[in-house]
Number of protein chains: 2
Amino acid sequence: MTGSNIRRSMPLFPIGPVMQLTDLTARQIRYYEEHQLISPARSEGNRRLFSLNDIDKLLEIKDLIDQGINMAGIKQLLFVQNQEVIASDVKPLKSERELSNDEIRRHLRKEIVQAGRFNQHLSSQGNITRLFH
Amino acid sequence: MTGSNIRRSMPLFPIGPVMQLTDLTARQIRYYEEHQLISPARSEGNRRLFSLNDIDKLLEIKDLIDQGINMAGIKQLLFVQNQEVIASDVKPLKSERELSNDEIRRHLRKEIVQAGRFNQHLSSQGNITRLFH
DNA sequence: AATGTCATGTCAGAAAATCTAACATATGTT
DNA sequence: AACATATGTTAGATTTTCTGACATGACATT
């Protein structure tokens, strides 16, 4: 499991930003969950929390829907993909133990800090369009 | 402006996930905004939306606070950093025009899709600890 | 010792975002 | 025509976030 994979599997986004990023309605996203195409994590208060991987999947689902494939078909396709990945993942595990969510968060924080060190800190004023002139 | 910079400046995260990622309280984050150390965007309904850059900044602020520096000092330090970045940014701009938030979102979506194409789609069951055994 | 400032905690009330469950509907299928 | 599928819509409840006010502990200044 690489750092990037940990990062991509962190449950961070509530449904609002995900709707915007995917152009899917809340209804659609919940329906896909109901049919087990995705399984976003939940907050303490039962709100859905999506990872970048979840968002990837939703975008794929969208593609497949556009191709006329139904829930069952999409479920199978996603499952096959998943199997391929697992099959190709032959790296020996350094550590067998599970990471707690807290540990994952610490890890991500470290990564964000590191990335930041070699990155810009633009935008002192929140209007992101300012970043482009 | 690189794709990565666009990605890092997208206002996506509500305050809850940011609290978890930074180990800051909402009170602290709002206080830093009040003192103009950060300026997160706002949703239509006035909720704060943070970008990865904002999160970087918050982590830096945390460091500086730990070093005993006060708001005014931190503000100056962040400003200086910002200036350095601007000074070093000598690339000729391909396009002068501003990008709308919608365009940025489309761009990010494209990036996520592309990244996803060459990436794993693990986690069919939402419990992220499953990714580690 | 009293006062002030700074960074943060805490609380209350309001508003926004999200939840589930139910019913509605358009389109395609048997 | 009846049915199934994917999505829309609505209602009522719950969670999350908002602002503003007041409280507090640590320090500095008087």
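In what follows, chains are A, B, ... by sequence order, proteins preceding strands, each numbered from 1.
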(message) Among residues at least two apart in sequence or on other chains, which ones pass side-chain hydrogen bond (donor to acceptor under 3.5 Å, both in side chains) with A:Asn70?
(response) none

(message) Quick check for you: to the nearest 0.5 Å, what is the distance between A:Asp63 atom CG and A:Leu77 atom CG?
(response) 11.5 Å

(request) Could you tell me, to 10°, how much the axis swings from one end of the helix from C:dA1-D:dT30 to C:dT30-D:dA1 to the other, five pairs per end? (result) 10°

(message) Less than 4.0 angstrom from a charged side-chain N to a carboxylate O is my criterion; do B:Glu33 and B:Arg42 meet it?
(response) yes

(request) Identify whether the distance between the nearest side-chain nitrogen and carboxylate oxygen of A:Arg48 and A:Asp54 falls below 4.0 Å. (result) no

(request) Evaluate whether atom CD of B:Glu44 has more than 12 neighbouring non-hydrogen atoms of other residues, nucleotides or ligands under 6.0 angstrom away. (result) no

(request) Could you tell me from which nucleotide to which nucleotide of DNA chain C, 5' to 3', there is an atom under 4.0 Å from chain B heavy atoms? (result) C:dC6 to C:dA17

(message) To the nearest 0.5 Å, what is the distance between OH on A:Tyr31 and CD on A:Gln28?
(response) 11.0 Å

(request) With rounding to the nearest 0.5 Å, note down the distance linking CG in A:Leu12 to CG in B:Leu21. (result) 5.0 Å

(message) Give the residues of residues 67-75 of chain A touching DNA chain D, defined as any heavy atom closer than 4.0 Å, sorted by residue number.
(response) A:Asn70, A:Met71

(message) Each nucleotide in nucleotides 15-30 of chain D should get exactly one letter: B, S or -. Can you fill that in based on protein heavy atoms under 4.0 Å?
(response) BBBBB-----------

(message) What's the separation between atom CD1 in B:Ile74 and atom CD1 in B:Ile65, rounded to the nearest 0.5 Å?
(response) 4.0 Å

(message) Can you tell me how far apart CE (A:Met19) and CG (A:Leu24) are? Round to the nearest 0.5 Å.
(response) 9.0 Å

(message) Just verifying a value: how many Å separate B:Thr22 OG1 and B:Ile15 CD1, rounded to the nearest 0.5 Å?
(response) 8.5 Å

(request) Specify the closest pair of heavy atoms between A:Pro40 and A:Ile38, including all atoms of both residues, with the distance to one decimal. (result) CD-C, 3.6 Å

(message) So, using side-chain hydrogen bond (donor to acceptor under 3.5 Å, both in side chains) as the criterion, who are the partners of A:Ser43 when residues are at least two apart?
(response) none

